[in-house]
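Data first, discussion second: the structure below is written as structure tokens.
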Amino acid sequence: MTLELINSNKLFGGWLKQYQHTSKTLHCDMRFSVYLPPQASTGLKLPVLYWLSGLTCTDENFMQKAGAQRLAAELGVILVAPDTSPRGETVKNDDNYDLGQGAGFYINATEAPWSDHYHMYDYIVEELPEIVESAFPASDKRAIAGHSMGGHGALMISLKNPERFCSASAFSPISNPTNCPWGHKAFTAYLGEDTSQWNTYDTSLLMQHATQHVPTLVDQGNADNFLEEQLKPETLEASAKISGYPLELRRHDDYDHSYYFIASFIEDHIKFHLRYLTQSPVNTK
């Protein structure tokens with residue numbers, strides 16, 4: 001595995017770097033961004049927070065807009081932001097923003113022609129951490145967070161892999177993708193008509209039946225124009241009550257779906273994750 005450095009910027013005493021590599025999982029070239037705090041130069045293994053972005057985004061949106069690096073530098077946390085889908089001329093795409101490139105939904109596609117490349121679940125769970133932990137001073141203490149489609153991805157992945165992540169958080173996640181237009185469109189294309197396959201990637205359904213728990217924080221803006229039709233945070237709350245899941249869901253008046261919302265509360269999320277990244281993984285039953 002070879003990493004090609006694309007960009008590098010000094011930031012709060014650390015380094016924001018963007019890399020390209022050939023993905024064995026996605027069968028195309030992929031990019032990701034990583035913020036290495038100043039402590040990365042000490043030889044210590046540092047915990048990692050993975051950030052999954054939403055529809056139309058790349059690896060750059062979070063690193064440029066969220067304002068997370070200052071606190072990450074202070075606390076000694078590596079930030080990693082992958083792209084949101086496979087990319088390239090040979091990768092299947094769609095003319096609409098909510099399917100294809102930029103809209104991988106962090107699942108493993110089973111339907112042609114998407115199944116040739118769209119295995120974002122395996123990329124996030126297996127390949128990317130393997131790269132990060134071999135190329136950088138990163139420990140196996142991992143947390144995962146995301147926004148919108150990436151919020152769906154972060155919560156779903158933590159629910160399916162409680163042994164791999166110490167904590168999870170999300171801003172404005174697509175909480176019940178089997179029951180919203182974005183999810184219906186993507187899951188039909190990527191997974192086919194068998195809705196039992198859809199259920200294996202639905203955060204609310206997974207949380208309802210969870211027997212292992214990962215501490216989870218969710219922030220939702222009440223002025224979000226996608227709130228009622230696409231996001232449905234009330235389904236998360238209902239599922240958490242059924243299973244006793246350690247979910248903290250906070251609602252905020254006047255905040256929308258933008259990165260202004262994320263920037264307003266990202267420090268809360270980093271501090272939340274640090275509580276669990278600096279101790280043994282908390283996976284209770």
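One-based numbering along the sequence shown. Since we're looking at a predicted model, the values are computed, not measured.
- Partners of Asp219 under the salt bridge (Lys or Arg N to Asp or Glu O under 4.0 Å) rule, at least two apart in sequence or in another chain, are Arg250.
- For Pro38, the side chain to side chain contact (heavy atoms under 4.5 Å, CB included) partners are Tyr35, Ala73, not counting sequence neighbours.
- Looking only at distances, no side-chain donor or acceptor of Asn199 sits under 3.5 Å from a matching main-chain atom of Leu205.
- There is a path of hydrophobic side-chain contacts, each under 4.5 Å, that joins Leu99 to Val91.
- Listed by first and then second residue, the side-chain hydrogen bond (donor to acceptor under 3.5 Å, both in side chains) pairs involving residues 11-20 are Asn7-Gln18, Ser8-Lys17, Gln18-Asp59, Gln18-Glu60, Gln20-Arg31 (not counting sequence neighbours).
- Side-chain contact between Asp29 and His21 is absent, with no heavy atoms from C-beta onward closer than 4.5 Å.
- Shown here are the ring-ring contact (aromatic ring centres under 6.0 Å, His included) partners of His209, two or more places apart in sequence or in another chain: there are none.
- Partners of Asp140 under the side chain to side chain donor-acceptor pair (under 3.5 Å) rule, at least two apart in sequence or in another chain, do not exist in this structure.
- Side chain of Ser172 to backbone of Ser148: no donor-acceptor contact under 3.5 angstrom is found.
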Exercise for the section: Take Phe12 and Glu74 through the side chain to side chain contact (heavy atoms under 4.5 Å, CB included) test and state the conclusion after the steps. Expected result: CA-CA 9 Å; Phe12 295 114; Glu74 179 183 329; over 6 Å; no
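- One side chain, Asp202 or Thr178, offers a donor N or O that lies under 3.5 Å from an acceptor on the other.
- Nearest heavy-atom pair across Ser53 and Thr84 is O-CG2, 3.6 Å.
- Side-chain atoms of Ile124 and Pro82, non-hydrogen and from C-beta on, do get closer than 4.5 Å to each other.
- In this structure a side-chain-to-backbone donor-acceptor pair under 3.5 Å is missing from Gln230 to Cys180.
- For the pair Lys160 (side chain) and Thr200 (backbone), a donor-acceptor distance under 3.5 Å is present.
- For His147, the ring-ring contact (aromatic ring centres under 6.0 Å, His included) test picks out His257, Tyr259, with sequence neighbours left out.
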Problem - Trace of the salt bridge (charged side-chain N to carboxylate O under 4.0 Å, His left out) decision for Lys241 with Glu237 - result: CA-CA 6 Å; Lys241 288 180 181 179; Glu237 287 181 312; over 6 Å; no
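- No side-chain donor-acceptor contact under 3.5 Å links Gln208 to the backbone of Ile242.
- Counting heavy atoms of neighbouring residues, nucleotides and ligands inside a 6.0 Å radius, atom OH of Tyr97 exceeds 12 of them.
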Exercise for the section: Check step by step if side chain to side chain donor-acceptor pair (under 3.5 Å) holds for Thr25 and Glu126. Expected result: CA-CA 9 Å; Thr25 302; Glu126 300 289 346; over 6 Å; no
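- Cluster membership check: Leu44 shares its hydrophobic cluster with Leu36, using side-chain heavy-atom separations under 4.5 Å among Ile, Leu, Val, Met, Phe, Trp and Tyr.
- In the hydrophobic clustering of ILVMFWY residues, with side-chain heavy atoms under 4.5 Å counting as a link, Tyr123 and Ile78 come out together.
- Distance alone, capped at 3.5 Å, places no donor-acceptor pair between the Asn176 side chain and the Ser204 backbone.
- Using bins of under 30°, 30° to 60° and over 60° for the plane-to-plane angle, the ring pair Phe32/Phe136 lands in the perpendicular bin.
- Every pair tested for salt bridge (charged side-chain N to carboxylate O under 4.0 Å, His left out) that includes a residue from residues 106-121 fails, sequence neighbours excluded, so the list is empty.
- Between Tyr201 and Met156, the shortest heavy-atom contact is O-CG, 3.5 Å.
- Counted within 6.0 Å of CG on Asn96, heavy atoms from surrounding residues, nucleotides or ligands total more than 12; the atom is thus considered enclosed.
- Residue pairs meeting the ring-ring contact (aromatic ring centres under 6.0 Å, His included) criterion with at least one partner in residues 59-83, sequence neighbours excluded, are Trp51-Phe62.
- Side-chain contact of Gln197 with Thr110: a donor-acceptor pair under 3.5 Å is absent, judged by distance alone.
- Considering only heavy atoms from C-beta on, Leu217 comes within 4.5 Å of His269 through its side chain.
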Handout entry: Glu130 vs Lys24, side chain to side chain contact (heavy atoms under 4.5 Å, CB included): CA-CA, chis, key distance, verdict
Key = CA-CA 12 Å; Glu130 180 182 329; Lys24 62 184 180 182; 3.6 Å; yes
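- Legend: residues meeting side chain to side chain donor-acceptor pair (under 3.5 Å) with Tyr121, ordered by chain and number and at least two apart, are Asn161.
- Under a 3.5 Å cut-off, the side chain of Ser243 and the backbone N or O of Met207 do form a donor-acceptor pair.
- Hydrophobic clustering (side-chain heavy atoms under 4.5 Å, transitive across Ile, Leu, Val, Met, Phe, Trp, Tyr) groups Met149 together with Leu191.
- Partners of Tyr50 by side chain to side chain donor-acceptor pair (under 3.5 Å), not counting sequence neighbours: none found.
- If you take CD1 on Ile144 and CZ on Arg164, they are separated by 10.0 Å, rounding to the nearest 0.5 Å.
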Practice task
For the pair Leu155 and Leu236, evaluate side chain to side chain contact (heavy atoms under 4.5 Å, CB included) and give the outcome as yes or no after the intermediate values.
Solution key: CA-CA 10 Å; Leu155 300 186; Leu236 276 184; 3.9 Å; yes
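- With sequence neighbours excluded, no residue satisfies side chain to side chain donor-acceptor pair (under 3.5 Å) with Arg275.
- Residues Leu277 and Leu52 do not share a hydrophobic cluster, clusters being chains of Ile/Leu/Val/Met/Phe/Trp/Tyr side chains in contact below 4.5 Å.
- Scanning all heavy atoms of the two residues, the minimum distance from Asp94 to Lys185 falls at OD2-NZ, 4.5 Å.
- Side chains of Phe105 and Tyr118 form no contact here, defined as non-hydrogen atoms less than 4.5 Å apart.
- Side-chain atoms of Tyr190 come within 3.5 Å of backbone atoms of Gly100 as a donor-acceptor pair (strictly under, hydrogens ignored).
- With contacts defined as side-chain heavy-atom distances shorter than 4.5 Å, the pair Ser167/Phe272 qualifies.
- In terms of modelled atom types and a separation under 3.5 Å, the side chain of Trp198 and the main chain of Gly192 share a donor-acceptor contact.
- Qualifying ring-ring contact (aromatic ring centres under 6.0 Å, His included) partners for Phe261, counting only residues two or more places apart in sequence or in other chains: Phe171, His252, Tyr255, Phe265.
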